[in-house]
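Report on the following structure.
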Amino acid sequence: MILLTLPDGSARRFDGPVTGDELARSIGPGLAKAALAVKVDGIMRDLALPIERDAKVEIVTRTNPDALELLRHDAAHVLAEAVQELFPGTQITFGPAVDNGFYYDFARDEKFTPEDFPRIEARMKEIVDRDEAIVRETWTRDEAIGYFAAKGEAFKAEYVGTIPEDESISIYRQGKFVDLCTGPHLPSTGKLGKAFKLTKLAGAYWRADARNAQLQRIYGTAWADDKQLQAHLGQIEEAERRDHRRLGREMELFHQQDEAAGMVFWHPKGWTLFRTLEDFLRRRLERAGYLEVRTPQLVDRKLWEESGHWEKFREHMYIAENEAGLRQFVADPKERVFALKPMNCPCHVQIFNQGLKSYRDLPLRMAEFGSCHRHEPSGALHGIMRVRNFIQDDAHIFCTEDQVTAESIAFCELLHGIYRDLGFPEVAVRFADRPPVRAGADPVWDRAEAALGAAVEAAKLPHTMAPGEGAFYGPKLEFHLKDSIGRSWQCGTLQVDFVLPERLDASYVGQDGAKHRPVMLHRAILGSMERFIGVLIEHHAGKFPLWLAPVQAVVATIVSEADDHARRVKGALDDAGLRADIDLRNEKINYKVREHSLAKVPALLVVGKKEAAQGTVALRRLDGSDQEVLALDEAVTRLRNEAAAPGAS
RNA sequence: GCCGGGUUAGCUCAGGGGUAGAGCAAUCGCCUUGUAAGCGAUAGGUCGUCGGUUCAAUUCCGACACCCGGCACCA
């Protein structure tokens, strides 16, 4: 006797094991037709598999959000089937569901091109129309190796070889297509529907390792229905419209050029934005008890050797030296040479090491808007989001081991407050623990992970684990914020470091009069200023809140008779500390409104004959709402109040 | 760094072995204008760089640089 409980709380009894399909049919023929899979105690399973125990069950139909992963995974299989039919000799490898879609990695000597997509999509739709049954089979490992090897599927055979011998292997078959897969899958290809589209072609390494063969990856997006697909394609267009590289140019914020690949030329408006953000942050840091410092760009290799960077990150560092020095270095690499700093921490330890520190000096919070250079691989560069020279909102907290938890909690509060004020209320936290290659002994890592773990518990932060993703010197928290169109960006970080103070011999005199090692907390909130500004641009689609906008207001005249009044208005805005421009050009007001709207100026103060006569302004906001005529003083006061940085009062 | 695609006017893009095209922007002139594009004229290019094939290359081939999409990387 088996008791199955449905989501509405009702229960059904069966005499023996029952498949998801049978369960659905027992509820109703409509549901049976719509059923894609069944969730048994929260785990998605094939409809055809028998349910053998009492369980909470739910029939999954395509309206269920969880169905998407299933559809996408099947879309990947249908893609592989179509490709093997159209391009015989192509080897299959892996093809999972991913965010918004799926991909499949193929091995084939000839190259796919995007021109192949329409043909492949057409064949995929044919396979959907064929409505091939998708059947799960269980094979032994050796059967699977034999089958794939005989078929010339070297990658599959190799993979199956890595599975433990005694494990049985599930195989899914649809038509003539056979793939190794844990499932679950749809009952037949017809259930996939046709709301999918192939999107991208890319190289990808076999088993994600750059030392392995490179495969050809075809990406696609798949949805429950055409409406969802169209909505997604619209979202992609929206993301393109928000692209910070496009808006950066259009809004005259910055540019980049070949002669300084991966670096940023900040234009006056972009630099205004940069400084506004920096000043906002600086005030917050001061209030939170940080002391700002400034350290050299160019530091002797000796320091990087002591810190461990030279050994570990040498190839990402820029060497800089005058010619004589470089000649010496080339002749004898042991010669003295300078390197541009890739991080600020070793320099901060140098400041800490000046003079004797007492336990009374701790915690010592040392902040720097530090310019760092890192030679990022050429393929990694992306606008101002991933650059080779960037400014970190960096700080290091030197503290005792006992203070780690309290300092971590205080940092998390500071960070969340700043994100909130910058318009990012949603933050996800990841705990990254020890990586395979690391500095420091395991007992040290045990203590560091325990301390950070205690902090994250005490701060009551929901978080997920990221095993093996910590920094080489210590575990870290990563803070990911969600933007206005749902994308996630890693910005903040908090890292516990017992290693660097040791390597650079930092110490303080404790209450007991003996020398002790401080712990270092490395922390950043925005991460890279450049990257964060990129995120801000895309988050706001360039329409910054008044306090951040590089040009906050433009005074625009309708007729030249209003020029004098316009100059008075501009003067009043200047006096109020607002960043204002004036537009006296001989153009129609329609033209001016359009131009400043496209430039995303938040406030437009229009003045014509009437306003000049009455000493008023017509205030027009960027979104076109609340157009109103106000006394000059009132308009200025309103804008000034709104332009204050969040939390400034 | 790897795979694929790309680089033509300030921007968006068309073209194509025989002296290079559009729209927008720019400049000049007319228009004094009421909340998202007034009208007219003018100017603007080593077709990414270097090399090869050719009577002739911006066009075909190769190398390099950079950009785009992924992958790998991200202290």
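A, B, ... follow the sequence lines: proteins, then strands. Residue 1 opens every chain.
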Can a cation-pi geometry be assigned to A:Lys156 and A:Phe94, taking NZ or CZ under 6.0 Å from the six-membered ring centre and within 45° of the ring axis?
-> yes
One thing to verify: whether [Y] and [X] come together as a salt bridge, which I'm taking to mean a side-chain N less than 4.0 angstrom from a carboxylate O.
X: A:Glu252; Y: A:Lys269; result: yes
X: A:Glu642; Y: A:Arg638; result: no
X: A:Glu407; Y: A:Arg365; result: yes

How does RNA chain B look in dot-bracket form if you count Watson-Crick and G-U pairs under 3.5 Å, write [ ] for pairs that cross, and put | where a base pairs with another strand?
-> (((((((..((((....[..)))).(((((.......))))).....(((((..]....))))))))))))....
Roughly how many Å apart are [M] and [N], using the [atom1] atom of each and rounding to a whole number?
N: B:C47; M: B:G40; atom1: C1'; answer: 30 Å
N: B:U42; M: B:G21; atom1: P; answer: 15 Å
N: B:A63; M: B:U59; atom1: P; answer: 15 Å
N: B:U7; M: B:C64; atom1: C1'; answer: 14 Å
N: B:G23; M: B:A43; atom1: P; answer: 15 Å
N: B:G62; M: B:U27; atom1: C1'; answer: 42 Å
N: B:A37; M: B:G1; atom1: C1'; answer: 47 Å
N: B:C68; M: B:U53; atom1: C1'; answer: 30 Å

Sorted by first residue and then second, give each salt bridge (charged side-chain N to carboxylate O under 4.0 Å, His left out) pair with at least one member in residues 520-536 of chain A; sequence neighbours left out.
-> none
Scanning both residues in full, the closest heavy-atom pair of A:Gly468 with A:Asp433 reads N-OD1, 2.6 Å
Minimum heavy-atom separation for A:Leu79 to A:Phe102, with atom names?
-> CD2-CE1, 3.8 Å
Report the C-alpha separation of A:Arg207 and A:Asp209 in whole Å, then their side-chain angles, then the decisive distance to 0.1 Å, and conclude whether the salt bridge (charged side-chain N to carboxylate O under 4.0 Å, His left out) test is met.
-> CA-CA 6 Å; A:Arg207 311 203 69 183; A:Asp209 190 328; over 6 Å; no
Does [X] contact [N] through a side-chain donor or acceptor facing the base, at a distance under 3.5 Å?
X: A:Tyr205; N: B:G70; value: no
X: A:Arg386; N: B:C74; value: yes
X: A:Gln214; N: B:C2; value: yes
X: A:Arg531; N: B:C74; value: no

Is there a ring-ring contact (aromatic ring centres under 6.0 Å, His included) between A:Phe112 and A:Phe87 once you walk through the steps?
-> CA-CA 10 Å; A:Phe112 292 111; A:Phe87 307 94; 5.2 Å; yes
Would A:His522 and A:His396 satisfy side-chain hydrogen bond (donor to acceptor under 3.5 Å, both in side chains), going step by step from the backbone distance to the final call?
-> CA-CA 5 Å; A:His522 305 243; A:His396 296 93; 3.1 Å; yes
How many Å lie between CE on A:Met520 and C1' on B:A75, as a whole number?
-> 13 Å
Rounded to whole angstrom units, what separation is found between the NZ atom of A:Lys200 and the C1' atom of B:G70?
-> 7 Å
Residues which pass salt bridge (charged side-chain N to carboxylate O under 4.0 Å, His left out) with A:Asp243, listed by chain and number, not counting sequence neighbours = A:Arg245
Could you please name the option among B:A75, B:U32, B:G69 that lies closest to any side-chain atom of A:Arg245?
-> B:G69
Taking only nitrogen or oxygen atoms into account, show me every contact under 3.5 Å that the protein makes with nucleotides 36-40 of chain B, one pair per line with its distance.
{"from": "B:A36", "atom 1": "OP2", "to": "A:Arg620", "atom 2": "NH2", "distance (Å)": "3.3"}
{"from": "B:A36", "atom 1": "O4'", "to": "A:Arg594", "atom 2": "N", "distance (Å)": "3.3"}
{"from": "B:A37", "atom 1": "N9", "to": "A:Arg594", "atom 2": "NE", "distance (Å)": "3.4"}
{"from": "B:A37", "atom 1": "N7", "to": "A:Arg594", "atom 2": "NE", "distance (Å)": "3.4"}
{"from": "B:A37", "atom 1": "N7", "to": "A:Arg594", "atom 2": "NH1", "distance (Å)": "3.4"}
{"from": "B:A37", "atom 1": "N7", "to": "A:Arg594", "atom 2": "NH2", "distance (Å)": "3.2"}
{"from": "B:A37", "atom 1": "N6", "to": "A:Arg594", "atom 2": "NH2", "distance (Å)": "2.5"}
{"from": "B:A37", "atom 1": "N1", "to": "A:Arg594", "atom 2": "NH2", "distance (Å)": "3.2"}

Parallel, tilted or perpendicular, as decided by the 30° and 60° cut-offs, for the rings of A:Tyr419 and A:Phe532 | parallel
Without hydrogens or angle criteria, can the side chains of A:Lys592 and A:Thr557 be said to hold a donor-acceptor pair below 3.5 Å?
-> yes
A:Trp206 and A:Glu158: side-chain donor and acceptor closer than 3.5 Å?
-> yes
Pairs under 3.5 angstrom, nitrogen or oxygen only, protein versus nucleotides 60-66 of chain B, please.
{"from": "B:C66", "atom 1": "O2'", "to": "A:Asp258", "atom 2": "OD1", "distance (Å)": "2.6"}

Tabulate protein N/O versus nucleotide N/O from nucleotides 5-11 of chain B, keeping only pairs under 3.5 Å, one per line.
{"from": "B:C11", "atom 1": "O3'", "to": "A:Arg249", "atom 2": "NH2", "distance (Å)": "3.3"}

Are A:Phe106 and A:Tyr104 an aromatic pair by the rule of ring centers under 6.0 Å?
-> yes
